[in-house]
Amino acid sequence: MDVKTVTQQEMQDVARRLRAAGTRLITIVGYDSGDTIQVSYFFQPFPEGKAETYRVVVPKHGGNEEVESITPIFPAAYIAENELAEMFGVHVKGVPGRFFLHESINAPLRRKAP
Amino acid sequence: MITLDDPIIWKIAFPAVMLILAPIIGGLLIGIDRKLTARLQNRAGPPIVQPFYDVLKLFGKEDKIVNKTYLVFAVAYLLTVVLSTGLLLFHYDLLVITFMFGLSFIFLVLAGYSVRSQFSYVGSNRELLQMLTYEPILLLVVFLDRLVTGSFQIDAIWSFTEPAKTEPLLYTLPLALLALFLILPIQLRKSPYDIAEAHQEIAQGPVTEYTGKFLGLVTIAHFYEVFFVLWFIGLYFVQNWAVRIGLMALAFLFSIVIDNVTARLRVDQMIRQVYIIGLLLIIVNLAYILITGKWIA
Amino acid sequence: MKTTIQFGPQHPVWVEPLRLKLTMDGEIVKDCELEAGFCHRGLEKKFEWDYNKGAYLSERICGICTQHHSTCYCTAVEGTMGLEIPRRAAVIRTIMLELERLHSHLLAIGLTLESIGFENLFMLCFRNREIVLDMFERTTGNRVLHGINIVGGVIRNIGPEMAKELEDFCDIMEKRCLDLKDMILKSYTIRERMQGVGVMSEQLARDLCVVGPVARGSNVPYDIRAVAPYVLYNEIKVKPIVETSGDCWARSVVRVRELFQSIDIIRQCIPLLADAGEDIFAKSKTLPEKEYFTRVEAPRGELFYYAKGKKSKEMDRIKVRTSTYGNGPGFVPLIKGSHLADVGLITITFDPCIGCFDR
Amino acid sequence: MSLIELSRKKSPWVIHVGTGGCNGCDLEILACLTPRFDASRFGVMSTGNPKHADIMLVVGPVTLKYKEIITNLYNQMPDPKVVIAVGTCASTGGIYQGCYGHCGSLDKVVPVDVYIPGCNVRPEAVIDGLVLGLDILNEKERKILEEKKKSKGAA
Amino acid sequence: MDGLLLLSLTVLVPVLFGIISYLVPGYNLKKYAVILCALVLSVASLLILYNGPQNLTVESINIGMSLPVSTIIIALDFLLLLVFLYFGYKDREYKVLGLAVLQLALLAYLELFVAGGEEAGITFVIDDLSIVMCLIVSLIGSLILLYSIGYMKGDKNVSSFFLIMMVFLGDMNALIFANDLTWLFFFWEGTTLCSFLLIRHYRDEPSIKASDRALWMNLLGGIALVCGIILIEMMYNTRFLSELFTAQATMPGALSFLPAAAIILPFAFMAVGAFTKSALMPFNSWLTGAMVAPTPVSALLHSSTMVNAGVYMLIRIAPLILIFGGGLLSTVITIVGGFSFMFCALLALSQTDSKRILAYSTISYLGLIAMCTGINTWLAITAAVALLVFHAVSKGLLFLCVGEITHIIGSRDIEQMQGLIAKAPLVTVITVIGLISLMAPPFGIFVGKWLAFQSASTFTQIGWSLVAIFFIIFGSIFSVFYYSRWAGKLLATKPAETAPPAHHDWYMEIPLIILAAGIFVSVALTTIFFTQLIDLPDIYGQEPGGLVVGEVLRSAFGGFSPLMFLILFIVILLIPILIIRVPKTSLTPTYSCGTGKEPDIGGGYFETLIGESKLLKYLNPIGILLLAILFLAVLL
């Protein structure tokens with residue numbers, strides 16, 4: 001699988017472009033590599049085409065990481081971004097960030113920096 | 001020496017015995033209903049006496065109570081249903097019986113309203129809408145009946161249907177009977193019009209908050225209701241006892257079959273359908289009565 | 001003042017916990033608020049262990065589409081390893097997937113019918129479903145959680161005798177499904193309740209990227225079996241079944257029609273078993289530090305697994321994006337403005353699997 | 001055996017609570033009520049309302065979010081009541097042990113009377129468990145009555 | 001006892017006390033005047049009941065010198081119209097101005113050109129109907145007076161309020177007894193003035209608007225009435241109601257272009273006048289608007305005085321219509337009444353404001369009464385009188401309850417009344433009794449509906465009978481709907497809600513208790529009431545076998561015993577109330593799907609379907625159409 005790494009700003013443009021082309025959002029996957037949080041966006045061109053993956057790498061700084069939301073562009077991203085926010089303890093702009101988890105649990109998938 | 005022909009037997013003893021037997025008959029009918037439904041669904045189903053097991057068990061349970069008001073209304077509901085059944089058996093004025101039966105529903109509705117519970121509330125609202133739906137049809141049938149027989153008294157209706165006098169009411173009011181069949185599912189709380197106690201939407205509607213004994217009382221009231229509704233249908237149309245019981249059985253089977261081949265409809269659909277079809281049936285029947293001149297001013 | 005209703009987490013119509021807070025005006029729902037997470041166990045964290053055990057864990061994300069979960073998981077892990085599974089394993093997986101679609105759709109149809117109070121057909125659906133479960137029991141030894149997928153293939157073979165039984169099963173099933181179809185499609189009350197209720201327009205379906213029968217019911221022909229074929233779907237072409245009206249009726253009809261599609265696929269697969277070689281699994285390789293994602297068309301729609309290996313036996317990250325997750329944003333706008341009586345119906349026609357949704 | 005005790009054994013109304021399992025056991029409970037297994041032969045009725053129920057069938061490990069809800073439901077059930085943990089995860093936590101999102105087995109939250117093991121359980125096992133629960137119902141009622149008598153005597 | 005004395009006790013004494021209470025300073029003194037007035041009025045009405053029917057002639061009053069009453073009344077009549085003119089001018093309400101001028105002209109025409117010589121006649125008739133009406137006005141009116149002592153405490157216009165209230169009662173009594181049509185017209189307009197002044201009691205924008213609307217609609221009714229009187233004098237050559245029974249109708253030359261059947265025309269005019277006063281369908285808006293007035297005023301308007309005057313008039317003219325062959329007119333009255341009954345009940349269904357619900361329900365029940373007068377048989381008129389009585393008691397009670405509830409919770413919205421039983425048990429229970437008495441057997445309204453149903457079944461033309469039955473059935477069901485919903489709201493409590501100590505104002509609560517007891521007593525006395533107080537003109541004949549047999553009400557088709565059912569009803573509710581004990585330990589919260597959250601409940605008024613804005617735009621034109629049909633029915 002080939003991944004295109006983009007900046008947050010570029011991601012917004014990409015999302016807009018893909019939306020205009022009728023692409024579907026599959027999901028957003030977060031991954032904590034230790035010192036960065038990688039946010040991967042998976043898209044499926046529709047009706048046909050190969051799935052595309054874009055990745056935004058957010059460097060960690062103590063729980064104050066901010067990720068731009070693509071929910072305004074892709075309404076389908078709402079739950080995924082929520083989950084991203086609550087599982088990794090990052091802030092996704094304009095998303096409440098509490099959906100699945102009990103209030104006693106915080107950012108379970110976030111790892112300690114090595 | 002009292003013989004079987006003695007009017008006392010038929011005027012007092014028989015109704016009194018039937019009033020005592022009514023919940024048992026009603027319960028057994030529900031048991032048969034559950035068994036038949038199960039068989040229609042390829043299941044073995046509970047034993048026929050299952051409703052009595054249920055009620056007895058409920059009397060052995062703890063009461064979890066929300067407040068006193070709704071319990072009062074539950075008992076009032078039961079007593080009113082018993083009262084209207086009694087009035088029916090003792091051949092009181094049909095109009096009054098219909099209204100008393102309506103009163104029992106009002107008590108049930110008030111019971112549902114007075115607990116401030118989400119499902120009771122919605123259930124009571126729906127119960128009222130159901131009343132709004134079936135009561136006009138019921139009253140119109142009663143009115144048609146009066147039009148043909150010239151009285152609201154059951155005795156008069158029965159003496160009217162004596163074959164010596166004229167033909168059975170069934171011949172003059174066939175569509176009214178159909179209209180009664182139409183509202184039968186509402187009164188027996190069966191699909192497609194069992195919306196007030198729609199288990200899948202609002203738990204048990206107005207009955208949601210009852211536990212233990214009081215749920216048992218409400219269930220007994222339901223037994224009476226089943227008896228009442230079927231007796232009411234059997235009341236009208238024929239004099240012959242065998243045919244009358246056959247008619248009741250037909251109505252009962254009809255309700256079971258309909259219950260099994262339909263989905264539950266929504267409130268608005270129910271109101272629309274019952275009003276349109278029911279009123280149409282009644283108007284056509286009325287026209288028939290008027291045209292053939294079989295009415296008494 | 002409005003009525004507020006807590007619809008769930010425990011509610012007679014729902015097998016699984018989900019909470020809808022409904023604000024009502026009379027019978028009409030004015031506002032709907034969704035709360036999930038009552039099933040959230042934290043499985044994505046749990047997946048960071050031995051990749052072989054992961055197959056069993058993935059089955060237990062959801063007990064209805066276990067085959068799809070484990071197939072998708074195994075494919076993802078196999079993808080990171082670059083492992084090619086034997087053809088026979090692919091055929092068996094395909095048969096199992098389609099069997100599972102049968103039972104899942106029967107369940108969904110049955111629950112839909114129960115939610116509108118049609119108990120009789122609900123029972124019929126479950127009766128038919130029992131035959132599928134019997135078939136599972138014959139082939140895998142289990143009724144619900146089958147546990148036959150491992151990384152590299154499957155652990156249970158389907159022999160020639162079993163293939164014969166499968167053929168018979170297809171005949172019986174088809175006949176029964178035809179009966180069921182007749183009963184559902186011709187029932188006046190069902191049509192009355194479902195047509196025009198919970199309409200998801202095609203535009204909304206595309207905007208919210210809903211998947212599976214929900215999307216296909218709204219005239220969006222999105223089926224992973226056609227879009228990105230896996231296991232055997234390269235050979236067995238699948239034409240997405242679509243309905244145009246987008247209401248509860250359309251979603252249910254899609255499911256009913258897919259029953260026959262699945263039976264057809266199973267029928268096509270059975271002859272392939274004969275000349276598919278004898279191996280049912282390939283020996284697995286070491287787990288490289290690579291990432292891979294796979295998708296399968298679960299009964300409820302697109303199921304997505306993202307796998308990232310570590311240089312050990314343990315996985316580094318597994319992300320599960322289930323079909324209900326994709327459909328999740330869909331039912332809230334549909335419930336707004338509907339009748340209270342239709343709330344259960346609308347949600348059930350989405351066939352929500354909260355175990356999947358919350359993980 | 002009094003009539004009421006007999007009917008208690010003949011009429012178990014169940015409430016089915018899915019707390020966060022995988023659905024497998026939920027489906028088998030549904031299967032219990034449907035034609036093949038038909039628990040309604042024994043008077044079992046699924047009420048979905050704790051206030052009407054005698055037996056609570058709990059499926060799955062109790063998730064943190066569900067903990068409070070299951071206590072609420074349990075408290076709303078009138079005595080005598082029986083709680084049955086259906087499946088391995090309700091009994092012990094099962095495969096989910098160690099996950100952060102749940103608080104382990106059911107008996108940490110409410111008292112459990114019958115455990116039905118199996119991942120997932122078979123419908124036969126569920127029916128068996130229900131039947132076991134029936135005897136406990138009457139036992140519990142006797143105990144409650146005794147306690148009442150005792151407290152009356154003490155007073 | 002001297003009838004004249006009693007008459008002046010019921011008519012003049014309230015006016016006198018009103019003036020006294022207006023003049024004396026301080027709330028306490030006013031209070032005693034009011035209490036005294038209420039006492040005298042009640043006693044006087046009971047004495048009238050005891051005294052029985054008689055006819056009275058009042059020609060002049062002796063205060064030092066002899067004054068002819070007719071002249072005084074005519075003078076006052078013109079004065080009254082000038083007052084209307086003044087208010088119309090003051091409020092720039094041109095409808096009022098125009099109508100008042102028109103009425104002035106018509107009245108002048110009546111007095112100058114039509115009125116025959118000063119022939120003497122019976123000026124006041126005390127018969128069974130007027131005794132019943134007098135009892136309603138005086139007893140319920142007195143209770144409302146008592147109640148308003150508590151309610152109006154601290155109001156700055158309280159002096160004029162009491163004055164007008166008492167004048168209103170006296171005026172109403174006079175209206176009831178009046179036999180001379182010109183006098184009746186004066187008292188009729190008097191009620192218009194009093195209600196107008198009471199509605200604008202608060203002198204703010206909405207009250208002034210509402211009062212102006214009430215005024216112009218009632219002036220319209222006044223015009224119809226005066227037209228009716230003119231025509232009666234022209235066609236029947238008499239101005240005494242009692243003489244109309246034996247009058248010979250002749251078509252005067254000036255009206256010879258009308259068909260012969262038009263001799264019924266004056267009654268059509270009078271019926272329209274009655275419709276406006278009773279706020280039946282096209283005129284309903286003045287009564288619903290009048291809800292801005294203080295609650296005792298609403299109670300007075302709705303239960304005992306104003307609106308009853310309309311249906312009273314209908315009951316009065318019903319036998320005349322029958323005598324002079326106005327079958328078609330009766331039918332139209334039936335339709336108008338039934339139409340109001342059903343659709344106002346439907347409108348009430350969409351309301352949340354308790355006073356508006358009551359207002360619509362009043363209109364709907366008045367519609368039912370009007371419908372009965374339209375059916376116009378012995379049974380139907382009996383039903384009408386019964387409904388009039390029972391409705392007055394229940395509705396008076398409910399308005400007073402709403403007033404008290406408003407004092408407690410500061411809102412008239414029934415949504416805000418949820419769980420009131422925990423806060424104010426007494427008033428809530430009384431309200432619920434009032435609500436149940438309006439919908440359920442065996443209370444008075446049910447007796448009335450039952451009679452109406454019976455009489456509709458015998459309605460001579462079967463087609464119209466069916467329409468009447470249809471209206472009765474649907475109207476009743478709708479009423480049941482909104483009343484039980486309201487009662488349910490009052491009763492909806494949370495578990496273990498404790499009541500804060502309620503503040504008791506006995507001036508307000510004693511009338512409530514008396515009226516609530518009155519509901520039960522009135523049902524218990526139903527049979528006596530029917531045997532003793534219903535004496536209808538001979539034209540109706542007598543129900544064969546009589547209505548009452550023993551304790552049983554009996555019609556040609558069936559019968560039932562109100563007393564027996566009342567006892568059963570009380571037993572049915574008392575048994576559980578006495579038996580059920582709720583131990584504290586068994587209290588649980590309600591089932592909320594396990595969340596343990598208390599739900600909000602409310603809403604569901606179908607505004608989008610049957611809201612005022614939706615329905616009225618169709619209903620008002622239909623109402624006007626029906627009025628047009630009414631005249632057509634007379635003329636064709």
Side-chain angles (χ1 to χ4, degrees), chain C residues 6 8-19 35-46 49 53 56-66 69 103-104 107 110-111 114 119 122-131 133-134 137 142-145 147 353-356 358-359, chain D residues 15-38 40 46-50 52-53 56 58-70 72-73 76 87-89 93-103 118-124:
Chain C
Q6 310 284 347
Q10 186 272 325
H11 188 277
V13 78
W14 283 347
V15 179
E16 299 169 89
L18 176 68
R19 179 170 154 256
E35 190 189 340
F38 293 100
C39 253
H40 186 80
R41 294 145 283 185
L43 288 183
E44 284 182 6
K45 181 85 175 166
K46 185 81 177 172
W49 66 345
K53 290 182 186 168
Y56 298 97
L57 185 57
S58 72
E59 283 194 336
R60 279 154 184 83
I61 287 179
C62 165
I64 307 171
C65 35
T66 54
H69 272 279
H103 109 80
S104 175
L107 173 84
L111 287 178
E114 210 237 348
E119 216 173 73
F122 161 72
M123 293 289 179
L124 192 67
C125 285
F126 265 69
R127 189 163 154 244
N128 292 345
R129 187 175 156 266
E130 286 293 333
I131 317 172
L133 294 188
D134 281 349
E137 205 172 356
N142 282 318
R143 277 163 59 87
V144 176
L145 299 170
C353 174
I354 311 304
C356 288
D358 294 345
R359 288 150 293 136
Chain D
I15 173 173
H16 162 210
V17 183
T19 64
C22 70
N23 271 339
C25 303
D26 293 284
L27 293 183
E28 297 296 53
I29 289 176
L30 277 183
C32 273
L33 301 169
T34 47
R36 172 75 64 89
F37 299 97
D38 191 28
S40 72
S46 173
T47 68
N49 178 350
H52 296 185
M56 179 151 75
V58 186
V59 178
V62 183
T63 52
L64 290 175
K65 268 198 173 177
Y66 215 96
K67 198 173 160 184
E68 184 197 349
I69 285 151
I70 209 158
N72 280 341
L73 292 174
Q76 286 193 340
T88 309
C89 24
I95 195 169
Y96 306 119
Q97 260 170 3
C99 289
Y100 60 82
H102 69 85
C103 49
C119 184
N120 54 352
V121 298
R122 296 184 59 92
E124 295 92 331

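Naming: A, B, ... by sequence-line order, numbering from 1 per chain.
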> Is there a donor-acceptor contact under 3.5 Å from the side chain of C/Q10 to the main chain of D/L73?
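Here the side-chain-to-backbone pair does not exist.
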
> Would a distance-only check, ignoring hydrogens and angles, find a side-chain to backbone donor-acceptor pair under 3.5 Å from D/T34 to C/M123?
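Side chain of D/T34 to backbone of C/M123: no pair is present.
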
> Write down the atom of D/Y96, the atom of C/R60, and the distance for their closest heavy-atom approach.
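Looks like OH-O, 2.5 Å.
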
> If you take all heavy atoms of C/G63 and D/N23, which pair is closest and at what distance?
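Closest heavy-atom pair between C/G63 and D/N23: N-CB, 3.8 Å.
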
> So which heavy atom on D/K65 is nearest to which on C/G37, and how close?
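So the minimum-distance heavy-atom pair works out to CD-O, 3.6 Å.
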
> Out of C/C125, C/G147, C/C62, C/C356, return the one with the most heavy atom pairs under 4.5 angstrom to chain D.
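Most pairs with chain D among the choices: C/C62.
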
> Only pairs of heavy atoms separated by less than 4.5 Å count here; which of D/C25, D/G24, D/G60 has the most with chain C?
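Maximum pair count with chain C is reached by D/G24.
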
> Between the side chains of C/H40 and D/Y66, is a donor N or O closer than 3.5 angstrom to an acceptor N or O?
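The criterion, which ignores hydrogens and geometry beyond distance, is not satisfied for D/Y66 and C/H40.
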
> Non-hydrogen atoms of chain C under 4.5 Å away: do they reach the side chain of D/E68, the backbone, both or neither?
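Neither part.
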
> Could you pull out the closest heavy-atom pair between C/H103 and D/L27, with the gap in Å?
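Result for this residue pair: CE1-CD1, 4.4 Å.
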
> Please classify the contact of C/L124 with chain D as side chain, backbone, both or neither, using a heavy-atom distance under 4.5 Å.
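It is neither, since no heavy atom gets under 4.5 Å.
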
> Can you measure from SG (C/C353) to CG (D/D26) and round to the nearest 0.5 angstrom?
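Nearest 0.5 Å value for the SG-CG distance: 9.5 Å.
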
> From C/F122 CZ over to D/L30 CG, what is the distance, rounded to the nearest 0.5 angstrom?
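Output value for this atom pair is 5.0 Å.
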
> Tell me, side chain or backbone of C/E137 under 4.5 Å from chain D's heavy atoms, or both, or neither?
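For C/E137, side-chain heavy atoms alone lie under 4.5 Å from chain D.
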
> What heavy-atom pair brings C/G42 and D/C99 nearest, and what distance separates the two atoms?
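In terms of heavy atoms, the two residues are closest at O-SG, 4.0 Å.
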
> Once rounded to the nearest 0.5 Å, what's the spacing between atom CG of C/L57 and atom CD1 of D/I95?
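It is 5.0 Å, given to the nearest 0.5 Å.
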
> Picking from D/T19, D/V17, D/N49, which has the most non-hydrogen pairs under 4.5 angstrom with chain C?
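Most heavy-atom pairs under 4.5 Å with chain C: D/T19.
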
> Under 3.5 Å, side chain of C/K46 to main-chain N/O of D/Y100, donor-acceptor pair present?
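Not confirmed, C/K46 side chain does not pair with D/Y100 backbone.
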
> If you count heavy atoms of other groups shown closer than 6.0 angstrom to CD of D/E124, is the number above 12?
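Counting neighbours around CD of D/E124, more than 12 heavy atoms of other residues, nucleotides or ligands fall under 6.0 Å, so yes.
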
> Looking at C/K45, I'd like to know if its NZ atom is crowded, meaning that more than 12 non-hydrogen atoms belonging to other residues, nucleotides or ligands lie closer than 6.0 Å.
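Atom NZ in C/K45 is crowded, with more than 12 foreign heavy atoms closer than 6.0 Å.
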
> Salt-bridged, D/R36 to C/D134, with N to O below 4.0 Å?
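Salt bridge: yes.
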
> Enter the distance from D/E28:CD to C/L133:CG here, rounded to the nearest 0.5 Å.
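Output value for this atom pair is 6.5 Å.
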
> Who among D/I15, D/T47, D/L64 has the most heavy-atom pairs with chain C under 4.5 Å?
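That would be D/I15.
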
> Do C/L145 and D/C22 come close enough that some side-chain heavy atom pair is under 4.5 Å?
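Side chain of C/L145 against side chain of D/C22, heavy atoms only: contact under 4.5 Å found.
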
